[in-house]
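Structure record follows, encoded as structure tokens.
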Number of protein chains: 2
Amino acid sequence: MATRALDRVGSEPLWRQLQRELLNRLDAGEFSEQFPGEMALAEEYGVSRHTVRQALRQLRADGMIVAERGRQPRVAPQPEIQQPLGALYSLFASVEAAGLPQHSIVRTFDTRADALVAERLGLEASTPLVYLERLRLAGDEPLALDRVWLPASLASPILGADLGHTSLYAELAARTGIRLDRGHEDVHAVIPTAAERNQLNCAHDVAAFSINRLSHAHDRPVEWRHTLVRGDRYALTAEFSASTGYRLVQSPPAD
Amino acid sequence: MATRALDRVGSEPLWRQLQRELLNRLDAGEFSEQFPGEMALAEEYGVSRHTVRQALRQLRADGMIVAERGRQPRVAPQPEIQQPLGALYSLFASVEAAGLPQHSIVRTFDTRADALVAERLGLEASTPLVYLERLRLAGDEPLALDRVWLPASLASPILGADLGHTSLYAELAARTGIRLDRGHEDVHAVIPTAAERNQLNCAHDVAAFSINRLSHAHDRPVEWRHTLVRGDRYALTAEFSASTGYRLVQSPPAD
DNA sequence: CAGTGGTCTAGACCACCGA
DNA sequence: CGGTGGTCTAGACCACTGC
């Protein structure tokens, strides 16, 4: 293996150049299921093993590379699986943890344009969007009203799917390879309209969480979502500390 | 400076022993406002500089020690300042960011017992508690109804404070040295009662966040808090990604 | 067994900061 | 200027893994 060139006159540290180089090669799909050892990298780039370790430190901490004593180093299986996260996941997971089976009733599942949503996704107003509207149930009781818009150019392969029992994100990953890796959401407290109360089958004195979410994959907007969650039996729960920051956890068993 | 002993026969790495040793000395209050350099530590413990750096790596990443080129290394000013965090802080900070001045009207501020709250704090039912009830305003508009209980044995020094314009946590830290470092909270969506609507001066069609929080300092329960926040103009906002996890951010300017 | 990563040493040069 | 941390080298020994 010929020695690859690193710039030794510029001011950028060797380990950072090496780290960038390795990230590029990882993105390019090199090293699939096989990653070179520290010695090999040191020789390939003509640097010391210490420098290689410094370059690898962050990659290992970020879980992009798995290396253990004795084992062959590997690239991490799917570093960006990020289907579960956010307030919605927290809410639904707590229901699951309580032993309630969940499923959905698909109300609408088609392709359409929506200027307002398109703008939020950063797209032209007339861009065709896959639209999915579901009523989510826990046990036999309605839990949430869920509406999702995705760019049809990316998401049209999911149109044939049965989303009554499978996760949208799982289906999206399986059919298009797209995995959400970043998102932004806001949570409002609202009083459901009469129509929403009717769909959710809840009393007139029940409030709800209104959650808007914009999700990205590789810095491209992929999903705009609006979900209305019954507030009478479901709550957000979080723990926080100086070291771990703010972390949503599963709610304790419903009152 | 005599060389301090590290165990070179056991299996525990030198850098880990050194790290533990330094943490102990930090907790003991040594190094106040002055921390030894890498060379000094290497000589003091009879190890190489590399080993010292390995031991310091995590301490620096955690922000317990501040070291820069050329500067004298220091211990971080207050590693466990954790007053701001959680949904409440997020909500109030977004109001502040919008340029609205905030203050409180103290409705009640005394010492009493409350069996229900005491239980949640893990205390005997008859334990005296400092009780503070405030109406929080943003501009001249009511924003939240805030009720806090703290064990009187810890918090009685704050009883003389004017909490109309200063933070409870700042006052608590100044008068008792107690700084909250961990907490747990749950957020519900509710419809305010008529009395609460009246206090918050909000319309009948407005929902609210109901937030319960249990805070700790050094693993001891210190605060039980219940806050009711108007839901019409204030929302929780969060960002999340694979690398940074879930992080509450300030809401965008209110609609 | 050969190869892996974890640990450790003893040097070195440099950019940067404060006195 | 002396001392700091950042970077880098060229070694070494070891525990562990898989063949």
Side-chain angles (χ1 to χ4, degrees), chain A residues 1 3-23 26 31-77, chain B residues 1 3-23 26 31-77:
Chain A
M1 178 72 70
T3 294
R4 304 212 184 203
L6 293 180
D7 175 21
R8 297 187 98 96
V9 293
S11 62
E12 189 180 26
L14 291 177
W15 69 263
R16 191 176 297 280
Q17 299 178 48
L18 177 53
Q19 187 180 68
R20 193 157 27 96
E21 170 87 1
L22 292 175
L23 277 172
L26 279 167
F31 310 136
S32 60
E33 304 302 319
Q34 174 73 344
F35 194 83
E38 297 174 354
M39 303 294 214
L41 286 172
E43 187 171 5
E44 179 176 358
Y45 286 94
V47 297
S48 74
R49 188 176 159 220
H50 174 78
T51 302
V52 170
R53 285 175 66 79
Q54 174 75 7
L56 293 180
R57 201 185 311 278
Q58 190 184 342
L59 303 184
R60 287 172 176 164
D62 290 351
M64 310 189 61
I65 292 171
V66 179
E68 298 166 86
R69 257 195 284 218
R71 305 275 187 83
Q72 282 297 322
R74 305 154 276 157
V75 303
Chain B
M1 179 72 71
T3 295
R4 305 213 181 203
L6 293 179
D7 176 20
R8 297 187 97 96
V9 295
S11 64
E12 189 181 26
L14 291 178
W15 68 265
R16 193 177 294 281
Q17 299 178 49
L18 176 54
Q19 188 180 67
R20 191 156 28 93
E21 171 87 0
L22 292 175
L23 276 172
L26 279 167
F31 311 138
S32 60
E33 305 301 322
Q34 174 72 346
F35 195 85
E38 297 174 353
M39 303 294 209
L41 286 172
E43 188 172 3
E44 179 177 359
Y45 285 93
V47 297
S48 73
R49 189 176 158 220
H50 175 77
T51 303
V52 171
R53 286 175 65 80
Q54 174 75 7
L56 293 180
R57 201 185 312 279
Q58 191 182 340
L59 303 184
R60 287 172 177 165
D62 290 350
M64 309 189 63
I65 291 170
V66 179
E68 299 167 85
R69 259 194 282 217
R71 305 274 188 83
Q72 282 297 323
R74 305 152 278 158
V75 303

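A, B, ... follow the sequence lines: proteins, then strands. Residue 1 opens every chain.
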Measure the shortest side-chain to side-chain distance between F35(B) and L26(B) over non-hydrogen atoms and say whether it is less than 4.5 angstrom.
yes
With a 6.0 Å cut-off (strictly less than), is the heavy-atom count around CD of E12(A), excluding the residue itself, greater than 12?
yes
Which pairs, protein N/O on one side and nucleotides 14-16 of chain C N/O on the other, fall under 3.5 Å?
none

So, the side chain of Q19(B) versus the backbone of L59(B): is there a donor-acceptor pair under 3.5 Å, distance only?
no
Scan R74(B) against the nucleic acid and name what it touches under 4.0 Å (heavy atoms): base, sugar-phosphate only, or nothing.
nothing
Between the CD1 atom in I65(B) and the CG atom in L56(B), the distance rounded to the nearest 0.5 Å is 5.5 Å
So salt bridge (Lys or Arg N to Asp or Glu O under 4.0 Å) across residues 54-64 of chain B, not counting sequence neighbours, yields E38(B)-R60(B)
Interatomic distance where CG belongs to L41(A) and P belongs to dG3(C) [whole Å]:
16 Å
Is there a side-chain contact between V47(B) and R8(B) (heavy atoms, below 4.5 Å)?
yes
Residues in salt bridge (charged side-chain N to carboxylate O under 4.0 Å, His left out) with E21(B), at least two apart?
R4(B)
Shortest non-hydrogen separation from W15(A) to T51(A) and the atoms involved:
CB-O, 3.6 Å
Residues in side-chain hydrogen bond (donor to acceptor under 3.5 Å, both in side chains) contact with R16(A), at least two apart in sequence or another chain
none
Counting only heavy atoms and a strict 4.0 angstrom limit, can you tell me which residues of residues 49-60 of chain B come near DNA chain D?
R49(B), R53(B), R60(B)
Could you give the start and end, 5' to 3', of the contact zone on DNA chain D for chain A, using atoms under 4.0 Å from its heavy atoms?
dT7(D) to dG18(D)
Pick base, sugar-phosphate or nothing for R16(A), based on heavy-atom distances below 4.0 Å to the nucleic acid.
nothing
With side-chain contact (heavy atoms from CB on, under 4.5 Å) as the criterion, how do R74(A) and Q34(A) come out once you've worked through the C-alpha distance, each side chain's angles and the decisive distance to 0.1 Å?
CA-CA 5 Å; R74(A) 305 154 276 157; Q34(A) 174 73 344; 5.9 Å; no
